Amino acid sequence: MTPKGRSVFRCTNCGAEHARWSGRCDVCGEWNTLVEEVVAKSAAGSGKGGAARRIGGHKSLAEGGSIAEPRKLREVSGSAEQRWKTGLDEFDFALGGGIVPGSMILIGGEPGIGKSTLLLQVAAKLEAAGRGTLYISGEESALQVRMRAERLTDAATEVNFLGETLLETILATAAAIGPSVVVVDSIQTVFTADLEGAPGSVGQVRECAARLMRFAKETGITVFVVGHVTREGGIAGPKTLEHIVDTVLYFEGEGMLDHRILRAIKNRFGSVDEIGVFRMTDRGLDPVANPSELFLGDRDNHASGSAVTALLEGSRPVLIEIQGLAAKSGFGMPQRVATGFDNRRLALLLAVLDKRAGLSFSQLDVFLNVVGGVRLQEPAGDLAVAAALASSVYDRPVGAGSIFLGEVGLGGEVRPVSQSERRLAEAAKMGMTKAFMAHRAIPSRVPKGIRPVGVKTIAELFAQLFQ
Ligand code: TYD
Ligand code: MG
């Protein structure tokens with residue numbers, strides 16, 4: 001055994017261990033499933049003095065182990081409530097209230113979406129608040145990062161920078177400097193000398209992440225790692241790390257638009273599905289405190305074919321505008337084009353509108369657009385989709401102060417949505433005055449400024465809106 005520790009290759013499919021790499025696991029027969037792993041140095045003798053007693057009857061199972069001492073949970077010290085606020089509110093919000101010391105957080109996202117920019121801003125904020133930071137990049141040179149830092153609104157040039165990719169050097173440096181937060185940009189460029197594989201391979205990425213995690217736990221230093229979402233098979237993406245880290249945030253955007261959503265999909269210290277919204281400007285990322293304004297589009301034009309709904313993004317209600325356009329089609333099959341909405345759900349709603357409300361779309365091209373590049377996945381948006389399409393057919397606006405909350409059933413019935421009180425509160429905050437929804441969903445305490453109108457069916461809704 002070398003002093004570094006031995007490495008083996010493990011099949012990610014069946015778990016079999018192999019001494020050498022091969023393209024195919026000869027135990028289960030799967031291809032490309034072998035991943036290099038470091039075998040921990042034997043634990044025998046590592047226990048302290050008397051604690052390392054042998055376990056009697058189960059000797060063979062416990063071979064090499066030593067007896068550790070459990071303690072009552074109530075004796076555990078430290079507080080989960082201690083969090084560092086970065087002051088970048090949307091970021092703190094997505095994390096569930098700030099950074100938990102000693103945690104490891106993965107920031108995943110497509111290349112170019114703004115992960116490095118975000119973390120540089122976070123580091124700048126922490127540095128300004130007197131918390132030491134260490135920003136390690138294996139992707140960009142110090143000069144490149146400095147140039148980015150100079151563009152940002154936040155004073156980012158105070159951040160400590162290290163251009164390094166060897167894990168051992170990173171850990172030793174971080175341990176010597178002792179910052180509050182270490183940023184590793186990106187995990188795919190880091191490698192340990194203990195493994196043969198190239199940086200970015202599944203084995204390297206997982207081993208480095210596991211050691212960074214141990215480092216965070218042992219030192220109380222918070223570690224952020226960037227993970228690029230990749231399409232090529234050879235490079236390990238953030239998915240392969242999700243089970244290792246404490247918190248997983250994905251940074252997403254929609255092609256042409258400049259807003260970015262930071263979404264928690266795993267959080268050992270808070271709720272998931274929280275989002276933080278930012279806008280990419282020429283001076284870095286700008287937190288968007290009121291996302292509804294962003295997603296409402298240009299609501300000054302009260303044209304037909306537009307309806308607003310309130311969706312829940314995690315625990316946060318966000319108002320979204322939906323635009324429908326029904327136009328006479330030329331020859332052949334009429335078109336159905338949905339952006340940000342499921343095409344089959346659109347077909348279903350069109351059939352319901354036809355059958356239950358007598359609105360025929362058979363001669364019409366139908367276009368549906370969810371404003372702001374958002375994907376409308378909650379059925380709660382059905383009623384707004386129906387209202388936008390009907391409004392376009394009748395060529396009558398639905399009224400600028402109205403929102404629509406409800407799932408539409410196959411019988412044309414309007415079904416209640418969850419957490420209607422929160423949605424109404426957000427709508428009222430944004431100046432909406434009327435909410436069409438199922439009777440049953442009207443909360444006992446209606447937020448001030450908005451009036452709920454109960455409707456049973458879409459036919460009843462259209463009668464109220466357009467007659
Ligand atoms: P970057 O943080 O490098 O993305 P990632 O680390 O996820 O690959 O951001 C890259 C993009 O952001 C790049 O196309 C330029 C743009 N950008 C701005 O628009 N404004 C800015 O102030 C900065 C720093 C970057
Ligand atoms: Mg980057």
Side-chain angles (χ1 to χ4, degrees), residues 86-88 90-91 94-95 104-128 133-165 167 170 181-191 199-200 204-205 208-209 212 223-232 235-242 245 247-265 275-288 294 372-373:
T86 62
L88 205 59
E90 293 293 303
F91 184 80
L95 275 179
M104 178 154 161
I105 300 147
L106 171 69
I107 311 264
E110 307 259 329
I113 203 73
K115 301 180 293 299
S116 304
T117 307
L118 178 69
L119 287 175
L120 192 57
Q121 282 180 247
V122 167
K125 289 274 193 202
L126 288 167
E127 200 64 58
T133 56
L134 178 60
Y135 188 105
I136 298 153
S137 180
E139 307 214 323
E140 290 156 308
S141 70
L143 186 60
Q144 275 175 304
V145 179
R146 181 192 164 150
M147 276 154 54
R148 169 177 305 131
E150 283 171 348
R151 282 172 73 170
L152 303 176
T153 325
D154 300 304
T157 44
E158 284 306 305
V159 171
N160 286 307
F161 179 85
L162 176 68
E164 182 57 64
T165 52
L167 183 75
I170 291 173
V181 169
V182 170
V183 175
V184 177
D185 187 0
S186 65
I187 192 71
Q188 283 114 338
T189 58
V190 175
F191 72 101
Q204 281 284 4
V205 162
C208 291
L212 284 163
V223 176
F224 283 97
V225 289
V226 168
H228 293 294
V229 172
T230 53
R231 298 239 161 70
E232 303 134 61
I235 298 188
K239 278 262 173 282
T240 54
L241 296 180
E242 286 179 359
V245 303
T247 302
V248 180
L249 300 176
Y250 273 91
F251 207 31
E252 304 164 349
E254 195 71 25
M256 311 299 284
L257 294 157
D258 57 4
H259 73 255
R260 303 277 185 272
I261 297 178
L262 187 65
R263 194 185 296 274
I265 65 149
I275 62 161
V277 183
F278 297 87
R279 197 194 311 257
M280 182 61 101
T281 69
D282 55 356
R283 312 208 60 197
L285 291 154
D286 224 2
V288 177
L294 194 67

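Counting begins at 1 with the first residue of the sequence. Predicted model only: the values in this text are computed from it and were never measured. Computed from heavy atoms alone, side chains included, the values below leave out hydrogens, waters and symmetry copies. Read the numbers this way: they start at 1 and go in the same order the structure lists the ligands and their atoms.
- Between Tyr135 and Phe161, the angle of the ring planes stays under 30°, which puts this pair in the parallel group of the 30/60° scheme.
- Shown here for Glu164 and Ile170, the closest heavy-atom pair between the two residues is CG-CG1, 3.7 Å.
- Inside a sphere of radius 2.8 Å centred on the Mg ion (ligand 2), the protein N/O/S atoms present are Ser116 OG.
- When all heavy atoms of Pro111 and Val229 are compared, the pair lying nearest together is CD-O, 3.6 Å.
- Although no hydrogens or angles enter the test, the distance criterion places a donor-acceptor pair under 3.5 Å between the side chain of Glu127 and the main chain of Thr133.
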Could you go through ligand 1 and list every pair where one of its N or O atoms sits under 3.5 Å from a protein N or O, giving the atom names and the distance to one decimal?
{"from": "ligand 1", "atom 1": "2 (O)", "to": "Ser116", "atom 2": "N", "distance (Å)": "3.3"}
{"from": "ligand 1", "atom 1": "2 (O)", "to": "Thr117", "atom 2": "N", "distance (Å)": "2.8"}
{"from": "ligand 1", "atom 1": "2 (O)", "to": "Thr117", "atom 2": "OG1", "distance (Å)": "2.6"}
{"from": "ligand 1", "atom 1": "3 (O)", "to": "Arg148", "atom 2": "NH2", "distance (Å)": "2.8"}
{"from": "ligand 1", "atom 1": "4 (O)", "to": "Gly114", "atom 2": "N", "distance (Å)": "3.0"}
{"from": "ligand 1", "atom 1": "6 (O)", "to": "Ser116", "atom 2": "N", "distance (Å)": "2.9"}
{"from": "ligand 1", "atom 1": "6 (O)", "to": "Ser116", "atom 2": "OG", "distance (Å)": "2.6"}
{"from": "ligand 1", "atom 1": "7 (O)", "to": "Ile113", "atom 2": "N", "distance (Å)": "3.3"}
{"from": "ligand 1", "atom 1": "7 (O)", "to": "Gly114", "atom 2": "N", "distance (Å)": "3.0"}
{"from": "ligand 1", "atom 1": "7 (O)", "to": "Lys115", "atom 2": "N", "distance (Å)": "2.8"}
{"from": "ligand 1", "atom 1": "7 (O)", "to": "Lys115", "atom 2": "NZ", "distance (Å)": "2.8"}
{"from": "ligand 1", "atom 1": "8 (O)", "to": "Gly112", "atom 2": "N", "distance (Å)": "2.6"}
{"from": "ligand 1", "atom 1": "20 (N)", "to": "Arg151", "atom 2": "NH2", "distance (Å)": "3.2"}
{"from": "ligand 1", "atom 1": "20 (N)", "to": "Thr281", "atom 2": "O", "distance (Å)": "2.7"}
{"from": "ligand 1", "atom 1": "22 (O)", "to": "Thr281", "atom 2": "O", "distance (Å)": "3.4"}
{"from": "ligand 1", "atom 1": "22 (O)", "to": "Asp282", "atom 2": "O", "distance (Å)": "3.3"}
{"from": "ligand 1", "atom 1": "22 (O)", "to": "Gly284", "atom 2": "N", "distance (Å)": "2.7"}

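- For Gln144, the side chain to side chain contact (heavy atoms under 4.5 Å, CB included) partners two or more places apart in sequence, or in a different chain, are Glu140, Ser141.
- With hydrogens and angles disregarded, a donor-acceptor distance shorter than 3.5 Å links the side chain of Gln121 to the backbone of Leu285.
- Formation of a donor-acceptor pair under 3.5 Å by the Glu90 side chain with backbone atoms of Val277 is found in this model.
- Annotation: salt bridge (charged side-chain N to carboxylate O under 4.0 Å, His left out) contacts of Arg146 (sequence neighbours excluded): Glu150.
- Lys115 and Val226 make their closest contact through CE-CG1, 3.4 Å (heavy atoms, listed as atom of the first residue, atom of the second, distance).
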